[in-house]
Peer 1: 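Have a look at the structure that comes next, please.
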2 protein chains.
Amino acid sequence: MKLTSKGRYAVMALVDLARFDNINPVSLRDISLRQGISLDYLEQIFSKLKKNEIVKSIRGTQGGYVLNKNPNDIKLTNIFHAVDEKVKTVQCKKESKRGCNGKATKCITHNLWDELEIHINTFFDNKSLEDLIKNNKETRV
Amino acid sequence: MKLTSKGRYAVMALVDLARFDNINPVSLRDISLRQGISLDYLEQIFSKLKKNEIVKSIRGTQGGYVLNKNPNDIKLTNIFHAVDEKVKTVQCKKESKRGCNGKATKCITHNLWDELEIHINTFFDNKSLEDLIKNNKETRV
DNA sequence: TCAAAACTTGACCATTTTGGTCAGGTATGT
DNA sequence: ACATACCTGACCAAAATGGTCAAGTTTTGA
């Protein structure tokens, strides 16, 4: 059970972005240098963030990326969803409340995995980019 | 972020085992049939569960596996730990509170990942095999 | 006693996912 | 026109996943 680096990088990059956002567009090159993430890889990630309307792009010299929403309205859920970082505990479909592994009954631990998924997603739903920026400012000293 | 089938199977098998345990040792063959898990794979899993003293083995005809502890003392944490299903959110070492990616400072989202790990592990620490058996009995009707 | 049931061990392997790189673009400000 | 920065998609190596296969050893019941 681990977080992929795509999800982790996306959050790191957005926190970085949010800190400089209000002045100018932030170029991926800068984020790449500051966070130590490959520029090529960042481009893949931001392409998805853009499709999901989390950021806007500004082309040309002095261009870069800008947040497309209030940091308070960007939850971890949104970010992870954008880069296909999803929480998966079961293979059996949720909808089919019966018949998990081709069997007639629900698998005996089905409820458990559902609970777990909800538990994790709750965390993601409640945490916003705003929270992270605040927290970061405090810790920076 | 997903649960591996090794962890899932381990829990499923143990719940199954716990339900028949008090009468006789339960053979992997039976569990395999009931839960639809490959016998060979189950053997790998139970070998680890045994090393971690979660189950005991009884060889020979009519042999099988038996719980080695009270179901209430077997937490999900123990099971997952036994089969190497660990929660991993960061690569940077926890101990090195500074210098995450070869940088001088902690990575800006370090605290977040720590929080997340704790959040998930809390769930695992609190859930025991006993809870799952109860839950299962209730749902069976 | 001997065969069958069941545990034991470890090598092996195909497929998928991960975590990127590389090579080209295209748009735009100066 | 040129540098900067976004944009797109192909490609790839390595690791993890989810097993299978083979060859035992131990114990019991007939």
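Computed from heavy atoms alone, side chains included, the values below leave out hydrogens, waters and symmetry copies. In what follows, chains are A, B, ... by sequence order, proteins preceding strands, each numbered from 1.
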Peer 1: Could you give the CG-to-C1' distance, from B:Asn24 to C:dA6, as a whole number of Å?
Peer 2: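 Result: 14 Å.
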
Peer 1: Whether B:Thr4 contacts D:dA16 is assessed here as follows: a side-chain N or O lying under 4.0 Å from the phosphate OP1 or OP2. Is that the case?
Peer 2: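 Looking at the OP1 and OP2 atoms of D:dA16, neither is under 4.0 Å from any side-chain N or O of B:Thr4.
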
Peer 1: State whether A:Tyr65 places a side-chain N or O below 4.0 Å from either non-bridging phosphate oxygen (OP1 or OP2) of D:dC7.
Peer 2: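 It does, given that an N or O in the side chain of A:Tyr65 lies less than 4.0 Å from OP1 or OP2 of D:dC7.
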
Peer 1: Is it the case that A:Arg8 places NZ or CZ above or below the six-membered ring of A:Phe80, under 6.0 angstrom from the centre and within 45 degrees of the axis?
Peer 2: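 The answer is no; the distance or angle limit is not met.
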
Peer 1: Could you state the atom-to-atom distance from CG of B:Leu28 to C1' of D:dT20 in whole Å?
Peer 2: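 Nearest whole value for this atom pair: 16 Å.
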
Peer 1: Got a sec? Which of residues 43-62 of chain A come in under 4.0 Å of DNA chain C, heavy atoms?
Peer 2: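 Contacts with DNA chain C under 4.0 Å: A:Gln44, A:Arg59, A:Gly60, A:Thr61.
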
Peer 1: Starting at the 5' end of DNA chain C and moving along, which residue's nearest nucleotide shows up first, B:Asp40 or B:Asp30?
Peer 2: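 Per heavy-atom nearest nucleotide, the more 5' residue is B:Asp30.
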
Peer 1: On DNA chain D, does the nearest nucleotide to A:Gly63 precede the nearest nucleotide to B:Leu39 from the 5' side, or the other way round? Give the residue.
Peer 2: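 Mapping each residue to its closest nucleotide by heavy atoms, the 5'-most match is A:Gly63.
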
Peer 1: Using the test side-chain hydrogen bond (donor to acceptor under 3.5 Å, both in side chains), find all partners of A:Asp84 that sit at least two apart in sequence or belong to another chain.
Peer 2: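 Here the qualifying residues are A:Lys48.
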
Peer 1: Quickly work out the B:Lys2 NZ to D:dA16 P distance and round it to whole Å.
Peer 2: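 Going from B:Lys2 (NZ) to D:dA16 (P), I get 13 Å.
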
Peer 1: Keeping B:Glu85 on the side-chain end and B:Thr4 on the backbone end, is there a donor-acceptor pair under 3.5 Å?
Peer 2: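 Such a contact is found between B:Glu85 side chain and B:Thr4 backbone.
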
Peer 1: Could you tell me how far apart B:Asp84 (CG) and D:dG18 (C1') are, to the nearest whole angstrom?
Peer 2: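 To the nearest whole Å, that distance equals 14 Å.
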
Peer 1: Over how many whole Å does the gap from A:Lys88 atom NZ to D:dA16 atom P extend?
Peer 2: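 The answer, rounded to whole Å, is 19 Å.
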
Peer 1: Roughly, in whole Å, what's the span from CG in A:Leu42 to C1' in C:dG20?
Peer 2: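 Taking atom C1' of C:dG20 as the reference, CG of A:Leu42 is at 12 Å.
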
Peer 1: When you measure from the side chain of A:Thr109 to the backbone of A:Leu112, do you find a donor-acceptor pair of N or O atoms at a distance under 3.5 Å?
Peer 2: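 Not confirmed, A:Thr109 side chain does not pair with A:Leu112 backbone.
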
Peer 1: How long is the line joining CE of A:Met1 and P of D:dT17, in whole Å?
Peer 2: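 It works out to 12 Å between those atoms.
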
Peer 1: Do A:Ser38 and A:Leu42 have side chains that approach each other closer than 4.5 Å (heavy atoms only, starting at C-beta)?
Peer 2: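 In short, these two side chains do not touch, never coming nearer than 4.5 Å.
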
Peer 1: Between A:Glu115 and B:Lys127, does any side-chain N to carboxylate O distance fall below 4.0 Å?
Peer 2: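 Answer for the salt bridge query: yes.
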
Peer 1: Please state how far atom NZ in B:Lys6 lies from atom P in D:dT20, giving the value in whole angstrom units.
Peer 2: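 These atoms are roughly 12 Å apart.
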
Peer 1: C:dG20, OP1 or OP2 - any side-chain N/O from A:Tyr9 closer than 4.0 Å?
Peer 2: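 Looking at the OP1 and OP2 atoms of C:dG20, one of them is under 4.0 Å from a side-chain N or O of A:Tyr9.
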
Peer 1: Can you name the residues that form a side-chain contact (heavy atoms from CB on, under 4.5 Å) with B:Gln62, not counting sequence neighbours?
Peer 2: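 B:Gln62 satisfies side-chain contact (heavy atoms from CB on, under 4.5 Å) with no residue once adjacent residues are dropped.
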
